Amino acid sequence: MPQPEPAAVIVDAEVAVVGAGAAGLYAALTAARAGARVALVSATPLAQTASYWAQGGLAAALDPTDSPDLHRKDTEIAGRGIVRRSAAQLLCREAPRAVRELEELGVVFDRNADGTFGLGLEGGHSKRRVVHAGGSATGRRVVRQLSAVVVEEPRIEVLEQARAAAPWTVDGRLVGIVLEDGRAIRARSTILATGGAAALWARTTNPPGSLGIGLMLARQAGAALADLEFVQFHPTAVTSIPGREGFLVTEAIRGEGATLLDANHERFVEELKPRDEVALAVYNTMQAQGTTHVWLDMRHVDPMSFPNVVGALRESGLDPATELVPVSPASHFCMGGVVVDLDGASTVSGLYVVGETACTGLHGANRLASNSLTECFVQGKRAALAGLDEPRLHVAPENPPVAAPIPAPTQATRDALWRHAGLTRDAAGLEQLRDDPHPLAQLVAECAILRQESRGAHVRSDFPEVDPALDGHHAVVRNGGAPTFERWT
Ligand code: SIN
């Protein structure tokens, strides 16, 4: 006789947060400090998330000669005509406050001898604007400190080594989330902060878990996705060093004077141009010279400023203080994601999305370096507070759905994304990718097919120019349909 499904164990909270990277931790802390009971779901032990890997810092206009308006202009220039202005204005205005709030939570940012912030320079920034904690160890320091504060916060229940498996919706409203282990969290708002999808591409700087789980959960709940054709390729990921494939060498090192050299040891690009330009120049140089990498020359950069990069390379037998580092582009950050407003609210009531999982339109077609970590805090806070304005669940729903397995990419899918939706694409390759079994690979292909132009990180060899008619337009996928362009302001 078939056995009935055992009743699910239900955890009640006001806010459920899925993902314990920078955005998730900050959202959980904000909600808890506003008096809410929070359930925080972390697939890994706390402090081992993708944010932990982040070497970049937080972009914030803190220098006296800088301003939020200049920061916004740089964001818009890097984003190539489709940055949503309201999102950029908000981020740039709130960024200095986010830095101060993190300091209040115990994060120690690098300062100069005179007490001012030690501000780094990265591609596309017209000013020194990037605050770090421990140089290139910023992600690790910030996430460690926030995790320590979260653990001490009595209103936050941390469900470690737990994974979200399905959205729980009732009459179109999200009422919680089902976990892989059969438990379910019932909450008036649920915040997805599960990171991006860059590890779907075969060559990546991201940890292996960055597979777009949050995008698939949100889509299952009925939420709209956008801008999936825009994945940013980082120009300087290590290659040809065993055990270090894809290891990121932070752009901040170029900010301190490191140069990129071709096979003839000649410079071929201005190293601090926005990232799309530098990555494409590296790719084109490799193609033209028939090489698998270019060289990063950081021999004149103080190794003490980037201890974890220098340490990792030395451990692998290469001393960047005396030798050139072989680097080539790797998939790094998804500009697209779940469509949200400036409070992180998705198109499904009760569902909020923050960090790289979300798409506010802030990053346009090419994210300005280090805007994303700042965004985690600005948006994480806003989503937590907005979620507390959701109406309470007057009748507690019972019987969460039974989760179906979330599709995992095969190596063939990862290779196909790299081959057909890599630094350059064309219709023939994208049509092949559209037939891939993985749902996100299909959606990337559909958005990239729709965008018949080259803009930012999306370079179509068959449509090499920008189409000005598409300025401000985002490829949006709603209700399981094909993507269509929508103009965002
Ligand atoms: C880097 O440090 O080069 C990466 C930082 C970022 O992606 O913003």
Side-chain angles (χ1 to χ4, degrees), residues 21-23 49-60 71 74-75 78-79 91-92 95 98-99 110 118-125 128-143 195-199 201 204-207 210 230-238 246-260 269 271-279 282 296 298 301 305-310 312-313 320 325 327-335 337 355-356 362-378 456-457:
T49 57
S51 305
Y52 189 82
W53 292 35
Q55 291 181 20
L58 281 84
H71 184 184
D74 289 347
T75 300
L91 178 99
C92 300
V99 171
D110 301 342
L119 299 171
L121 185 62
E122 294 185 8
H125 289 275
R128 285 192 167 264
R129 185 180 285 143
V130 183
V131 274
H132 287 99
S136 47
T138 304
R140 186 181 308 180
R141 294 268 180 99
V142 172
V143 165
W201 277 255
T204 182
T205 62
N206 280 212
S210 300
F230 294 121
V231 60
Q232 184 166 67
F233 296 91
H234 197 288
T236 57
V238 165
F247 177 74
L248 181 82
V249 182
T250 175
E251 194 158 304
I253 292 183
R254 277 176 277 137
E256 296 309 318
T259 51
L260 284 164
V269 66
E271 286 82 0
L272 290 176
K273 288 281 189 191
R275 204 168 274 173
D276 53 351
E277 263 183 77
V278 181
V282 170
L296 181 72
M298 53 181 283
V301 174
S305 304
F306 301 99
N308 62 335
V309 172
V310 173
L313 291 172
V325 185
V327 293
S328 73
S331 136
H332 180 61
F333 183 89
C334 294
M335 271 70 77
E356 193 177 343
L362 166 69
H363 305 301
N366 175 52
R367 175 181 60 107
L368 183 67
S370 287
N371 265 357
S372 47
L373 201 51
T374 309
E375 183 188 32
C376 287
F377 305 113
V378 171

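Each residue takes its place number in the sequence, starting with 1. In this text the structure is predicted, and so the values were computed from the model without any measurement. In listed order, ligands and their atoms are each counted from 1.
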Near [X], which atoms of ligand 1 are under 4.0 Å from a heavy atom of that residue?
X      : value
Arg367 : 6 (C), 7 (O), 8 (O)
Glu251 : 1 (C), 2 (O), 3 (O)
Ser370 : 6 (C), 8 (O)
His332 : 4 (C), 6 (C), 7 (O)
Ala369 : 8 (O)

Within the structure, does Ser372 bring an N/O atom to less than 3.5 angstrom of an N/O atom in ligand 1?
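No, there is no polar N/O contact under 3.5 Å.
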Between Glu122 and ligand 1, does any nitrogen or oxygen pair lie at a separation below 3.5 Å?
no
Side chains of His363 and Glu375, donor plus acceptor under 3.5 Å:
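The criterion, which ignores hydrogens and geometry beyond distance, is satisfied for Glu375 and His363.
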Can you tell me if Gln232 and Asp276 form a side-chain donor-acceptor pair at under 3.5 Å?
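Checked: Gln232/Asp276 side chains show no N/O donor-acceptor pair below 3.5 Å.
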How many angstroms lie between CD1 in Ile253 and CE in Met298, if you round to the nearest 0.5 Å?
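Between atom CD1 of Ile253 and atom CE of Met298 there are 4.0 Å.
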Using the rule side chain to side chain contact (heavy atoms under 4.5 Å, CB included), only one of Val282, Leu248, Leu260 pairs with Val327; which is it?
Leu260
Applying a heavy-atom cut-off of 4.0 Å, say which part of Arg275 lies close to ligand 1: side chain, backbone, both or neither.
side chain
Identify, for atom 1 (C) of ligand 1, the protein heavy atom at the shortest distance, and state residue, atom and that distance.
Thr250 OG1, 3.4 Å
Is the backbone of Gly135 close enough, under 3.5 Å, to the side chain of Thr138 for a donor and an acceptor to pair up by distance?
yes
If every non-hydrogen atom of Val231 is compared with every non-hydrogen atom of Ser331, which pair is closest and at what distance?
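The answer is CG2-OG, 4.0 Å.
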If you apply the rule side-chain contact (heavy atoms from CB on, under 4.5 Å), what do you find for Leu368 with His125, and how did you get there?
CA-CA 8 Å; Leu368 183 67; His125 289 275; 3.3 Å; yes
